[in-house]
Asks: 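Pasting a structure here, questions to come.
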Amino acid sequence: MRKKIVAGNWKMNTVMGSARELAKVVGNELAARPDLGLGKGKEVIFFPPYLFLPEVVNICADKRGVFAGAQNCHQEEKGAYTGEVSALMIKSVGATHALVGHSERRTYFNEGDDLLAKKAEQLLGHDLTPVFCCGEHLPEREKDNHFNVVKAQLDKGLFWLEREPFRKVVIAYEPVWAIGTGVTASPAQAQEMHAFIRGLVSEKYGQEVAEATTILYGGSCNAGNAAELFANPDVDGGLIGGASLKADDFLQIILAL
Ligand code: PGA
């Protein structure tokens, strides 16, 4: 069954105290709202900085449908890679998900699709759910090349997977021009790209898998526009940056799911 998800990518924000507080305030509010249906086809995922991941995992542990994941992972299993964090480490603290190929990783850390494919493989090998991010830059959209860009990212990063491991993957469409800019894709632009992505999944893995694949929208999604975006048939929730750092805003977005 296709899951609906709201995920908060905290990026390089918070310190231990504020990370704990944010996860607790949101988590406790969600735990008090069984009517939201979390755990029954709906999920909330926090992506805190690595250091705070065990703390956030603990806060989520007794809350149905609320999970914690990492913002990245290294592509190798283990070894002499000073400063890096492996999928096995992420798994060992009880996290369940990890972002792969966020545009900030692609841009600032030169992560390309071949590398991202290895990261996805590592995560799946440890039974973690990759949330694979894709999306075009503004000049690519202006040249009407956005569909080709996203297709190439998915082809190289994900579509080499066999059908069964692919079923575990979540896709996040994040147009780079909308990330952190306050400019959101219109609901029509989001729906158009999400339907295109689902069509690609269907061509590769068949309609049943495509219908079951969760495709999130990311890029200046906030409490004011989430409901309009999530109302589209192929938009299954959101990957939220800035607005996930404010408990009230993030809760409003979850209510829009
Ligand atoms: P934003 O970030 O909501 O602040 O635009 C989204 C993201 O980077 O995942």
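Each ligand, and each atom within it, is numbered from 1 in the order the structure gives.
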Asks: Could you tell me whether the side chain of Phe47 reaches within less than 4.5 Å of the side chain of His97, counting heavy atoms only?
Replies: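 Side-chain contact under 4.5 Å: yes.
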
Asks: In terms of atom number and element, which parts of ligand 1 are under 4.0 angstrom from non-hydrogen atoms of Gly180?
Replies: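 Going through ligand 1 atom by atom, the ones under 4.0 Å from Gly180 are 1 (P), 4 (O), 5 (O).
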
Asks: For ligand 1, which atoms, with element, lie under 4.0 Å from some heavy atom of Asn9?
Replies: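 Near Asn9, the atoms of ligand 1 are 9 (O).
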
Asks: Please walk me through it: do Val56 and Trp10 pass side chain to side chain contact (heavy atoms under 4.5 Å, CB included)?
Replies: CA-CA 12 Å; Val56 176; Trp10 297 359; 4.2 Å; yes

Asks: Would Leu255 and Leu36 satisfy side chain to side chain contact (heavy atoms under 4.5 Å, CB included), going step by step from the backbone distance to the final call?
Replies: CA-CA 7 Å; Leu255 290 180; Leu36 295 179; 3.4 Å; yes

Asks: Within the 4.0 Å heavy-atom shell around Leu239, which atoms of ligand 1 are there?
Replies: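 By the 4.0 Å cutoff, the relevant atoms are 6 (C), 9 (O).
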
Asks: Evaluate Asp127 against Lys168 for salt bridge (charged side-chain N to carboxylate O under 4.0 Å, His left out), listing each step before the verdict.
Replies: CA-CA 9 Å; Asp127 202 27; Lys168 201 170 164 68; 3.4 Å; yes

Asks: With only distance considered, is Ile240 within less than 3.5 Å of ligand 1 through an N or O on each side?
Replies: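 No - when backbone and side-chain N and O of Ile240 are compared with those of ligand 1, no distance drops under 3.5 Å.
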
Asks: Any chance you could measure Leu154, atom CG, to Leu161, atom CG, to the nearest 0.5 Å?
Replies: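 Leu154 atom CG to Leu161 atom CG measures 11.0 Å (nearest 0.5 Å).
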
Asks: Using a 4.0 Å cut-off to any heavy atom of Lys11, which atoms of ligand 1 qualify?
Replies: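 Taking each heavy atom of Lys11 in turn, ligand 1 has 2 (O), 7 (C), 8 (O) under 4.0 Å.
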
Asks: Would you kindly specify which portion of Ala178 sits under 4.0 Å from ligand 1, judged on non-hydrogen atoms: side chain, backbone, both or neither?
Replies: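 Backbone only; the side chain of Ala178 stays clear of ligand 1.
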
Asks: Would you mind checking which non-hydrogen protein atom is closest to atom 4 (O) of ligand 1, with the distance to 0.1 Å?
Replies: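 In this structure, atom 4 (O) of ligand 1 has Gly242 N, 2.8 Å as its nearest protein heavy atom.
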
Asks: Determine, stepwise, if the pair Ile171 / Val201 fulfils side chain to side chain contact (heavy atoms under 4.5 Å, CB included).
Replies: CA-CA 10 Å; Ile171 296 172; Val201 175; 4.1 Å; yes

Asks: Does some non-hydrogen atom of Gly219 fall short of 4.0 Å from ligand 1?
Replies: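 Yes.
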
Asks: Note the single closest protein heavy atom to atom 6 (C) of ligand 1, along with its residue, its atom name and the distance in Å.
Replies: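 Nearest neighbour among protein heavy atoms for atom 6 (C) of ligand 1, to 0.1 Å: Gly241 N, 3.5 Å.
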
Asks: Show which atoms of ligand 1 fall inside a sub-4.0 Å distance from at least one heavy-atom site of Ile179.
Replies: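 Within the 4.0 Å cut-off of Ile179, ligand 1 contributes 2 (O), 5 (O), 8 (O).
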
Asks: Strictly by modelled atom types, are Tyr205 and Glu162 linked by a side-chain donor-acceptor pair under 3.5 Å?
Replies: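 Glu162 and Tyr205 do not have a side-chain donor-acceptor pair below 3.5 Å.
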
Asks: Can Arg2 and Arg198 be said to form a side chain to side chain contact (heavy atoms under 4.5 Å, CB included), step by step?
Replies: CA-CA 12 Å; Arg2 194 193 305 180; Arg198 201 176 304 286; 3.1 Å; yes

Asks: Within a distance under 4.0 Å of any heavy atom of His102, pick out the atoms of ligand 1 and give their elements.
Replies: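 Going through ligand 1 atom by atom, the ones under 4.0 Å from His102 are 7 (C), 8 (O), 9 (O).
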
Asks: Measure the distance from atom 9 (O) of ligand 1 to every protein heavy atom, then report the residue, atom name and distance (to 0.1 Å) of the closest one.
Replies: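 I find the closest protein heavy atom is Glu174 OE2, 2.6 Å.
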
Asks: Ignoring angles and geometry beyond distance, decide whether Thr181 reaches within less than 3.5 Å of ligand 1 through its nitrogen or oxygen atoms.
Replies: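 It does not: no N or O of Thr181 is found under 3.5 Å from an N or O of ligand 1.
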
Asks: Does Ala243 have a non-hydrogen atom less than 4.0 Å from ligand 1?
Replies: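 Outside the 4.0 Å threshold, so no.
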
Asks: Which residue in the set Lys118, Lys156, Arg105, Arg106 passes salt bridge (charged side-chain N to carboxylate O under 4.0 Å, His left out) when paired with Glu111?
Replies: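 Looking at Lys118, Lys156, Arg105, Arg106, the match for Glu111 under the salt bridge (charged side-chain N to carboxylate O under 4.0 Å, His left out) is Arg105.
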
